[in-house]
Student: 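Quick one: this structure, given as structure tokens, is what I'll be asking you about.
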Number of protein chains: 2
Amino acid sequence: MATEQSKSDISRTRILDAAAKTFRQKGYAATTLNEIAKVADMQAGSLYYHFNSKDELLEEVLDIGINRVHEAVEESQENMPAGASQRERIRAAVDAHLTTLLKHGDYTSASISIFAQIPEEIRQRQIPKRDAFSALWRRILGRAQKAGALRNDVNLSMVRLLLLGALNWSVEWHKPGKTSIHAMTEHVCLMLLDGISTEEGIRGAEVEREEVA
Amino acid sequence: MATEQSKSDISRTRILDAAAKTFRQKGYAATTLNEIAKVADMQAGSLYYHFNSKDELLEEVLDIGINRVHEAVEESQENMPAGASQRERIRAAVDAHLTTLLKHGDYTSASISIFAQIPEEIRQRQIPKRDAFSALWRRILGRAQKAGALRNDVNLSMVRLLLLGALNWSVEWHKPGKTSIHAMTEHVCLMLLDGISTEEGIRGAEVEREEVA
DNA sequence: CCAATTTTCTAATTATCATTAGAAAATTAC
DNA sequence: GTAATTTTCTAATGATAATTAGAAAATTGG
């Protein structure tokens, strides 16, 4: 056997890729095995040599998706130089999250966007994995707050949910090549950390006035 | 005829409510007419007296959903006292958006969360309506920037997309009664306008340290 | 109350789709 | 090269679900 991967492994990956892509585009229920098979360049019946059911295929796609974004964000923190500021740590996490989602993202996008509409049993098994990922973000923000970089008078849970919403929703509008992920990261951090208000705006006393850049 | 609404109108509304609720929970493809009919306390065949197809029913739910949130945000601006600050205007828009989404929200939630997975033809017809709603938000933020309340060096399009993402994603996690919509509005505005960084955090020079509230 | 009309139900019909069984093709090991 | 094994294909099967036609029930106007 010359190749590292068996033929089976190659086909399996091809099927998973096709499934992730199709689930992400059409949702779970609207995706037929025929469609997945066509994208994977196969016949529908052949899928069953590799997976026992459509649900099993779905579950593996979801697992891969949540794992990838979890690992990416985790590594972004581990690879941080010792002296890095909390701001830099948060920026790295945001960037890792967005990059995983938008750049190599069928698995992760699928795992995020079709979650609400999958069979109950599979959803139940996904919840702990999503909770673990939430906990990672909670740690990142919590540490920043403890270090004095974030205000103490905010509800960090709500901040985290809103932040992840802004990040996750980007799969609905991001067009590759149109907006750079780096620019997105910068804007997220600007909003989250500094706000986009001007000094006058913060004081809340501005009046109507013309002022063009 | 004693009642104002004909029996037909009442049934029609009951069906639409049931459809909005079910579409929102299960997605478009996974929702069967049988299920909608059961929620509406009818038989599946009877739906056809009121709607010509599942798609027509879907389209009307989506139309109502996008209209409601559009109108709510628009009214929030029209009802603003003349001297209101830009901050207050933005807060009012955020609050209207969230309230429509989370409080009376099956139609609007459905229109937002299942959009990616509906039949192509219907999606095409929804796009201009969503664009019009986007434009409303663009005007609100653009006016605030022109008035000097928002920094001139931010990409307002990106800010808008991220902001709407944070708002829209809340349908995925908000539990009625658990988090108050008002608190959500406050946090959104705090993040968007002021940022949650401390002064030291903004300067980016903080060091690890214990500091509990 | 009665006839016309509106609304709902019941019982097909048809299409689609996940899944299966067994045959064919491809690959591997010798 | 050939037999064993792995992988894929073809052609059912059975279930589910959208849709329809015509019968029943409810409602309305007189």
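All chains are named by letter (A, B, ...) in the order of the sequence lines, taking the proteins before the strands, and each is independently numbered beginning at 1.
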Student: Determine, for nucleotides 16-21 of chain C in 5'-to-3' order, which nucleotides have protein heavy atoms under 4.0 Å from the base (write B), from only the sugar-phosphate (write S), or from neither (write -).
Tutor: -SSBB-
Student: Under 6.0 Å from the six-membered ring centre of A:Y28 and within 45° of its axis: does the NZ or CZ of B:K26 meet both?
Tutor: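 That pair does not qualify as a cation-pi contact.
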Student: Estimate the overall bend of the helix from C:dC1-D:dG30 to C:dC30-D:dG1 from the end axes over five pairs each, rounded to 10 degrees.
Tutor: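 The two end axes of the helix from C:dC1-D:dG30 to C:dC30-D:dG1 meet at 30°.
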Student: Check step by step if side-chain contact (heavy atoms from CB on, under 4.5 Å) holds for B:F115 and B:I127.
Tutor: CA-CA 10 Å; B:F115 180 69; B:I127 289 179; 4.2 Å; yes
Student: Is A:H50 near enough to D:dT6 that one of its side-chain N or O atoms lies under 4.0 angstrom from OP1 or OP2?
Tutor: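 No, A:H50 has no side-chain N/O under 4.0 Å of OP1/OP2 on D:dT6.
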Student: Would you kindly give the CZ-to-C1' distance between B:R12 and C:dT6, to the nearest whole Å?
Tutor: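 Roughly 15 Å, once rounded to whole Å.
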Student: Tell me the interatomic distance from B:Q43, atom CD, to D:dT20, atom C1', rounded to whole angstroms.
Tutor: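 In whole Å, D:dT20 C1' and B:Q43 CD are 15 Å from each other.
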Student: Does the side chain of A:W137 reach to within under 4.5 Å of the side chain of A:L161, using non-hydrogen atoms?
Tutor: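 No, too far: nothing below the 4.5 Å cut-off.
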Student: Whole angstroms only, please: what is the CD1-C1' distance between B:I10 and D:dA26?
Tutor: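 Spelled out: CD1 on B:I10 to C1' on D:dA26 is 13 Å.
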Student: A:D9 CG to C:dT27 C1': how many Å, rounded?
Tutor: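 Between C1' of C:dT27 and CG of A:D9: 15 Å.
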Student: Does a side-chain N or O of B:S46 approach OP1 or OP2 of C:dT7 to a distance below 4.0 Å, or not?
Tutor: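 Checking C:dT7 against B:S46, no side-chain N or O comes under 4.0 Å of OP1 or OP2.
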Student: Within a 6.0 Å radius of atom NZ on B:K21, are there more than 12 heavy atoms belonging to other residues, nucleotides or ligands?
Tutor: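 12 or below, so no.
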Student: For B:I36 and D:dA17, what is the distance between atoms CD1 and C1' respectively, to the nearest whole Å?
Tutor: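 So the two atoms are 12 Å apart, to the nearest Å.
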Student: OP1 or OP2 of D:dT7 sitting under 4.0 Å from any side-chain N/O of A:S11?
Tutor: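 A:S11 to D:dT7 OP1/OP2: no side-chain N or O under 4.0 Å.
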Student: Just the rounded figure in Å: distance from P of C:dA23 to OH of A:Y49.
Tutor: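 Atom-to-atom, A:Y49 to C:dA23, this comes out as 18 Å.
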Student: Using a strict 4.0 Å threshold on nitrogen-to-oxygen distance, state whether B:K38 and B:E35 make a salt bridge.
Tutor: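 Looking at B:E35 together with B:K38, the answer is no, because their closest N to O distance does not fall below 4.0 Å.
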Student: Check this for me: A:D41, atom CG, are more than 12 non-hydrogen atoms of other residues, nucleotides or ligands nearer than 6.0 Å?
Tutor: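 For A:D41, atom CG is not crowded (no more than 12 foreign heavy atoms under 6.0 Å).
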Student: Do the side-chain N and O atoms of A:D63 and A:Y107 include a donor-acceptor pair separated by under 3.5 angstrom?
Tutor: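 No, no side-chain donor-acceptor contact under 3.5 Å.
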